[in-house]
There are 2 protein chains.
Amino acid sequence: MSEDRSKSDGTVGKALEILDLVASFGRPVRFSDVLERAEFPKATVYRFIQTLTSQGMLSYDPDRQTYALGIRLVRLAHSAWQQSSLAPIARPLIEQLAAEVGETVHLAQLDHAQVLYVDKIDPGRPIEMYSQAGKIGPAYCTGVGKAMMAYLETSHLAGVIEQQSFHVFTEFTLPDEAALRAELIDIRTNGYGFDREEHEPGIICVSLPILTARGRVLGALSVTSSTQRTNLAALEALVPRIRVAANAIAREAESWRFPDQSKIQTVDTAKE
Amino acid sequence: MSEDRSKSDGTVGKALEILDLVASFGRPVRFSDVLERAEFPKATVYRFIQTLTSQGMLSYDPDRQTYALGIRLVRLAHSAWQQSSLAPIARPLIEQLAAEVGETVHLAQLDHAQVLYVDKIDPGRPIEMYSQAGKIGPAYCTGVGKAMMAYLETSHLAGVIEQQSFHVFTEFTLPDEAALRAELIDIRTNGYGFDREEHEPGIICVSLPILTARGRVLGALSVTSSTQRTNLAALEALVPRIRVAANAIAREAESWRFPDQSKIQTVDTAKE
DNA sequence: AAACCAAGTTTCAAATAATGGAACCAAAAT
DNA sequence: ATTTTGGTTCCATTATTTGAAACTTGGTTT
C-alpha cells in the first residue's frame with residue numbers, strides 16, 4: 001500500500017524510509033524497534049540510523065537509549081511552511097474568513113494521496129497550531145480531500161484514488177471508487193463540495209478548491225461545523241464568501257513574485 | 001564554518017545538504033539557483049533534486065519551474081515536534097508561567113550549535129505557531145543559548161563555542177570566547193543567566209536551563225521583556241518561579257514512560 | 001527562418017560507497 | 001560464572017553514485 005516511495009530513489013529513499021518508520025512509532029524508539037520493522041539487515045539499519053542522527057534528522061537520547069525525530073526537521077519545516085505551503089499567504093485571509101463566518105476554517109494541501117492540514121483557524125479559542133498543522137487525514141472522506149481530487153487531471157487522479165483505503169468511518173462514508181467518482185463529478189459541477197458526516201459523526205463541512213489560473217490544484221479551504229450547530233444548507237450559503245477567500249489565496253500565491261536576486265551575473269571565473 | 005555536516009555521511013548527507021541549500025534561499029528556486037551554490041556537478045545536483053522531489057522532501061511547481069521544500073517535511077516535523085521536542089510536554093507549564101509573569105516566554109533547544117526555538121507564548125496575543133517554532137538564533141548572545149551552553153560537558157562545549165560567529169549585534173554583545181566563557185561560569189554559579197541587550201537593543205531576558213537529574217541539558221526557558229517595561233533586577237525576581245517551571249518540565253520529560261507497546265513477542269517466523 | 005543560446009536532461013565507464021553475513025563486545029539476565 | 005539480548009564493527013563483494021560530455025528543448029537573436 002505504501003511501497004512506492006524509495007522504489008528507485010536509491011540510498012536517499014531508503015534513509016527517508018527509515019525516517020518515516022521512526023516517525024510512525026509516534027514515540028522514541030530503540031534501535032531494535034526500528035530493526036524489527038525495517039526490511040533491511042541489521043548493519044544497514046544501524047548505519048542509516050547513525051547517519052540520520054549525525055545529520056540531526058534523528059536525535060538520540062543517551063539516557064534512555066532511544067531515537068526520536070530530530071529537531072533539524074523542525075527547523076526545516078519552519079522554512080517549508082513558509083515557502084512551500086499556502087499557509088503564510090493565506091493566514092490573514094482565512095483569519096478574516098473564520099471571524100466572519102464564526103466557524104472553524106481548515107486549509108489543506110495534498111501530500112502524496114493524503115490530505116495534509118497546513119493551517120486551522122478556530123474563532124474563539126486561541127490557535128493551537130502544531131497540533132493541527134502537519135496533521136494528515138484521508139482524502140476520500142474529507143471535504144478538502146474531495147474538493148482537491150475533483151480538480152486533479154485524470155491521470156493523476158487515478159493514482160490518488162488507487163491509494164485510498166475506503167475505510168468505513170461512519171454510515172455516510174463513501175464506500176468505494178464508484179461513489180467517490182460520482183461525488184467528484186458533482187463537486188466539479190457545483191464548484192464546491194461537502195463532508196456529510198463521512199469522517200466523523202456530527203461533523204459537516206463545505207469545501208472549495210484553491211486553483212491557479214491554469215486550473216492546477218494548490219489546496220483547499222473548508223468551513224467546518226457540527227450538525228447540532230448548523231446544517232448543510234446554511235453552510236452552502238457561505239460558499240460565495242469562501243470562494244472570495246479561495247480566489248484571493250490563489251491570486252496571491254500566483255502573483256507572489258520573488259525579489260529577483262537570482263539575476264546576479266554569474267561570471268564563469270567563479271570556480272575559485 | 002558549516003562544512004562539517006555531510007563530511008562523512010555519504011550520499012544521504014549530501015542529499016540533505018541540497019535540502020538545506022534549498023531551505024536557505026527562503027523562497028522557491030530554480031534548478032540553476034541550486035546548481036550555482038552547490039558544490040556538486042550538474043548531473044549530481046540534478047539527480048539529488050529529482051530524488052528529493054520524488055520523495056516529497058521538495059515540491060516542484062511546474063508553472064514556475066521552481067522547487068521549494070516539500071510538505072512531507074511539514075508532516076515529519078509535526079511528529080518531530082511532538083516526540084522529540086520538549087514543547088508538547090512544556091506547553092501547559094509555560095502557558096501558565098507566561099500568564100503569571102505577564103511576559104513572553106521562550107522555550108528553546110540546542111540544534112547543532114544554534115538555538116532553536118520550539119515554542120513561544122506571548123500572553124495577550126494569540127499563539128502563532130509555525131511562524132515562531134522552528135526559528136533559529138545565535139547561541140552566544142541569547143539568554144537561552146548561554147543558559148544551555150553553561151551546562152554542557154566540556155568537550156561538547158568546545159565544539160559549540162568553536163562554531164559561534166561572535167558577530168556584534170549591539171554594544172553589549174559578548175565579543176569573544178573569553179568573555180563568553182567567563183559569562184558561562186557566572187551562569188553556572190548562579191543557576192541562571194541574562195540577556196543584557198546582547199542581541200537586540202532594548203530586549204532583555206532571564207533564562208534557566210532545563211536539566212535532567214543526571215545534569216544533561218534538555219533545553220532552556222526564558223522570560224523576555226524590554227528595558228522600557230522592566231529591568232534585570234525585576235526579571236531576576238522571577239527566577240524562583242521560572243525554576244519551578246523548568247524543573248517541572250525536566251521531571252515530566254524524564255518520567256515520560258511510553259506505553260510498552262514494543263514488548264510484543266516477536267515470533268521468529270515473522271519472515272513470511 | 002536559420003542560427004544561437006541558455007537551461008535542463010540523459011549517458012556511460014570509472015570511482016566510490018553501500019551492503020550484509022558474521023564476528024565481536026557489553027551489559028543485563030539467569 | 002554463563003548465557004542471552006541488544007548493539008557495534010569488519011571487510012570482501014556488489015551495487016550505486018559520480019561527473020564529463022553529449023544531447024535535447026524552448027526561447028532569443030540575427
Side-chain angles (χ1 to χ4, degrees), chain A residues 5-19 21-22 25 28-55 57-68 214 260 262-271, chain B residues 5-19 21-22 25 28-55 58-68 214 258 260-268 270-271:
Chain A
R5 259 177 186 160
S6 89
K7 247 302 142 52
S8 55
D9 286 328
T11 316
V12 176
K14 291 177 205 164
L16 293 175
E17 199 175 309
I18 297 287
L19 200 64
L21 189 51
V22 173
F25 280 87
V29 288
R30 287 199 311 282
F31 169 73
S32 55
D33 294 327
V34 181
L35 180 57
E36 202 173 294
R37 285 214 214 164
E39 39 191 9
F40 307 115
K42 219 190 205 180
T44 303
V45 173
Y46 181 73
R47 250 175 302 104
F48 274 135
I49 290 188
Q50 290 291 87
T51 303
L52 288 170
T53 304
S54 133
Q55 287 293 318
M57 301 298 279
L58 291 178
S59 67
Y60 180 65
D61 180 337
D63 295 341
R64 299 224 190 99
Q65 306 190 173
T66 56
Y67 296 89
R214 278 179 203 74
D260 230 335
S262 55
K263 274 289 159 58
I264 297 160
Q265 273 283 22
T266 311
V267 187
D268 252 305
T269 58
K271 203 52 179 292
Chain B
R5 259 177 188 161
S6 88
K7 248 303 141 52
S8 54
D9 286 330
T11 315
V12 176
K14 292 176 203 162
L16 292 175
E17 199 174 309
I18 297 287
L19 198 64
L21 189 51
V22 173
F25 279 88
V29 289
R30 286 199 311 283
F31 169 73
S32 54
D33 294 326
V34 181
L35 180 58
E36 204 173 291
R37 284 214 214 164
E39 39 190 11
F40 307 114
K42 217 193 211 180
T44 304
V45 173
Y46 180 74
R47 252 176 300 103
F48 275 134
I49 289 187
Q50 291 292 85
T51 303
L52 289 169
T53 304
S54 132
Q55 286 294 317
L58 291 178
S59 67
Y60 180 65
D61 180 336
D63 295 339
R64 298 221 191 104
Q65 305 190 175
T66 56
Y67 296 89
R214 279 179 202 75
F258 303 92
D260 231 335
Q261 117 172 18
S262 55
K263 274 289 159 57
I264 297 161
Q265 274 284 21
T266 311
V267 187
D268 253 304
K271 206 47 179 295

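Note on naming: letters A, B, ... go to the chains in the order of the sequence lines (proteins, then strands), and numbering restarts at 1 for each one.
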Beyond-backbone contact of Thr66(A) with Val29(A), side-chain heavy atoms, under 4.5 angstrom: no

Presence of Tyr46(B) side-chain N/O under 4.0 Å of dG8(C) phosphate oxygens OP1/OP2: no

dT17(D) phosphate, OP1 or OP2, under 4.0 Å from Arg47(B) side-chain N/O: no

Between C1' of dT17(D) and CG of Leu16(B), the distance in whole Å: 16 Å

Integer-rounded Å distance: dG8(C) P and Phe40(B) CZ: 19 Å

pair Phe31(B)-Lys42(B): side-chain heavy atoms closer than 4.5 Å: yes

Whether Thr44(B) side chain and Phe40(B) backbone form a donor-acceptor pair below 3.5 Å: no

Along DNA chain D (nearest heavy atom to each residue), the more 5'-positioned of Lys42(B) and Gln50(A): Gln50(A)

Whole angstrom value for the distance that separates P of dT8(D) from CZ of Arg30(A): 12 Å

Any Lys14(B) side-chain nitrogen or oxygen under 4.0 Å from OP1 or OP2 of dT18(D): yes

Validation row: Gln65(B), Tyr60(B) side chains within 4.5 angstrom (heavy atoms): yes

Distance in angstrom units between Leu35(A) CG and dT8(D) C1', rounded: 13 Å

Any Thr44(B) side-chain N or O less than 4.0 Å from OP1/OP2 of dT17(D): no

Sugar-phosphate, base or nothing in reach of Thr11(A), heavy atoms under 4.0 Å: sugar-phosphate

dT5(D) phosphate, OP1 or OP2, under 4.0 Å from Ser32(A) side-chain N/O: no

Of Ala43(A) and Val12(A), the one whose closest DNA chain D nucleotide lies more 5': Ala43(A)

Options dG7(D), dA20(D), dT9(C), nucleotide nearest the side-chain atoms of Pro41(B): dA20(D)

Value in whole Å for how far the P atom of dA6(C) lies from CD of Gln65(B): 17 Å

Euclidean distance, atom CZ of residue Phe48(B) to atom P of dT9(C) [Å, nearest integer]: 17 Å

Atom-to-atom span, CD1 of Ile49(B) to P of dG19(D) - whole angstrom: 15 Å

Value in whole Å for how far the C1' atom of dA26(C) lies from CZ of Phe31(A): 15 Å

Check: Arg30(B) and Tyr67(B) side chains under 4.5 Å, non-hydrogen atoms: no

